[in-house]
Asks: 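I have a structure here, written as structure tokens, and I will follow up with some questions on it.
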Amino acid sequence: MEGIRSLFKSGFTKESRRMEFLVHYDKAMRFLPRARTIYDVETTFGTVRVYYYASKGSEEKVPLILLHGHYASTIMWQPNLLPLSERTPVYSVDLLGEPGRSRLSKPLWKDKDHAAWLKEVMGKLEISSAILMGSSMGGYYAVNFARYYPEMTEGLILLDPVFVFSGVSAHTVKEFVRMGFSKDKMIPFLLNRKDFPFKDTLGKSITLGLKYFRFRSPVPRRIPEKDLWNLKIPVLALMAGNSLLHDAEKAFQYGRKVVPSIEMEYWKNASHALSFTESDEVNERILSFLLAHFDL
């Protein structure tokens, strides 16, 4: 049974390849602020790595939970962690079923599975509720959690989310087919870059994740419109005009129509990687949102 189950479980193709990835992951983590505490939380679906950041005096504020994009891990938040953690406690999660320090033990089949393991993490860390911030696929996971556990969600911050206000565009799917689904070509394409730093310290771990990690989870279904209508909490969404993953302008128009509580902005010149490439502006906008809605 375990052998059959492993065929449908995301993970590294070999343990030696996972260890090679972790060498470069750890090197990249040295460029991030030092976490106050590192947790490895056991859940029904596997062990979840969580990094806790907080400045003195911010510990009792409403916590912010960061959910990274596809293939990115906590490493992607390098430009954002320090300014955010100066105002409120931050928990950065390596998502289950993604290359990182978390380890999946049970396949994630359903939308609710992705919310259930995060609920377990929050329970074990004694977080009764939090603001969830997600980039790209992480934005989907944030909204997905809110629809199943609204009582545990204080607010949402979404950075060019996918499968929330729109799916992957037909143009992008055609480009992926033209590229032969080559990950080395797809990632720079999505980030509007021909010079993606695959060989530097930060890029190497992403390169090895692309090369060695195999995904077995089903492609997420878009968040149903009725669940978006039901969001009654503060929501900030920043859509990237130069995003090639989806039609960000259509997503912007749709989101403003179906989420009554949303603050939605269309950043015409931003790329899908706006948390990194436009980090100063993104940090400033997030902090203004947090200050307006929460006791920071």
Side-chain angles (χ1 to χ4, degrees), residues 10 22 25-26 29 32-69 72-78 80-106 108 110-135 137-159 233-236 275 286-287 289-290 293-296:
S10 300
L22 290 177
Y25 171 99
D26 290 342
M29 286 297 293
L32 277 65
R34 186 172 182 176
R36 180 182 288 195
T37 311
I38 298 175
Y39 301 97
D40 287 307
V41 183
E42 297 298 329
T43 74
T44 302
F45 294 91
T47 305
V48 180
R49 169 60 62 92
V50 181
Y51 298 92
Y52 173 63
Y53 302 86
S55 299
K56 188 176 180 180
S58 72
E59 299 92 340
E60 301 304 316
K61 305 293 185 180
V62 57
L64 180 63
I65 295 178
L66 306 186
L67 306 175
H68 60 78
S73 79
T74 287
I75 292 166
M76 73 160 284
W77 300 117
Q78 185 264 338
N80 318 109
L81 283 168
L82 190 58
L84 296 179
S85 63
E86 287 178 342
R87 300 307 299 259
T88 195
V90 173
Y91 294 85
S92 184
V93 179
D94 276 6
L95 296 174
L96 274 179
E98 291 273 351
R101 277 282 180 187
S102 295
R103 297 199 70 177
L104 187 69
S105 61
K106 181 180 177 181
L108 295 162
K110 303 175 183 177
D111 298 331
K112 192 169 184 178
D113 293 343
H114 291 282
W117 68 256
L118 182 55
K119 179 179 184 288
E120 289 186 51
V121 169
M122 291 174 65
K124 292 190 175 182
L125 295 181
E126 299 183 346
I127 303 170
S128 59
S129 63
I131 305 158
L132 270 59
M133 173 172 152
S135 174
M137 189 74 82
Y140 160 80
Y141 290 128
V143 178
N144 183 63
F145 182 86
R147 67 171 167 150
Y148 286 111
Y149 304 108
E151 74 282 359
M152 300 180 70
T153 312
E154 297 280 340
L156 294 169
I157 300 171
L158 312 173
L159 306 179
I233 53 177
V235 181
L236 172 67
S275 65
I286 290 170
L287 288 172
F289 172 77
L290 294 174
H293 295 283
F294 303 97
D295 183 21
L296 303 185

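Positions are given from 1, in the same order as the sequence printed here.
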Asks: Does any pair with a residue in residues 149-158 pass salt bridge (charged side-chain N to carboxylate O under 4.0 Å, His left out), and if so which ones, sequence neighbours excluded?
Replies: none

Asks: Can you tell me how the ring of Y141 sits relative to the ring of H114, calling it parallel under 30°, perpendicular over 60° and tilted otherwise?
Replies: tilted

Asks: Nearest 0.5 angstrom please: I286 CD1 to T88 OG1, how far?
Replies: 12.0 Å

Asks: Taking atom CZ as the centre, does R87 end up with more than 12 heavy-atom neighbours from other residues, nucleotides or ligands that are less than 6.0 angstrom away?
Replies: no

Asks: Report the C-alpha separation of V93 and W117 in whole Å, then their side-chain angles, then the decisive distance to 0.1 Å, and conclude whether the side-chain contact (heavy atoms from CB on, under 4.5 Å) test is met.
Replies: CA-CA 11 Å; V93 179; W117 68 256; 3.8 Å; yes

Asks: Output the distance between atom CG (L96) and atom OG1 (T47), rounded to the nearest 0.5 Å.
Replies: 8.0 Å

Asks: Under 3.5 Å, is there a donor on one side chain and an acceptor on the other for D94 and T74?
Replies: yes

Asks: Spell out, as yes or no, whether a donor-acceptor pair under 3.5 Å connects the side chain of S102 to the backbone of E98.
Replies: no

Asks: When rounded to the nearest 0.5 angstrom, what is the spacing between OG in S73 and CZ in R49?
Replies: 11.0 Å

Asks: Using the salt bridge (charged side-chain N to carboxylate O under 4.0 Å, His left out) rule, collect all pairs that involve residues 56-66, keeping only residues at least two apart or in two chains.
Replies: R36-E59

Asks: Would you confirm whether N144, through its side chain, and D111, through its main-chain N or O, come within 3.5 Å as a donor-acceptor pair?
Replies: yes

Asks: Could you measure the distance from the CG atom of L156 to the CD1 atom of I131? Nearest 0.5 Å is fine.
Replies: 9.5 Å

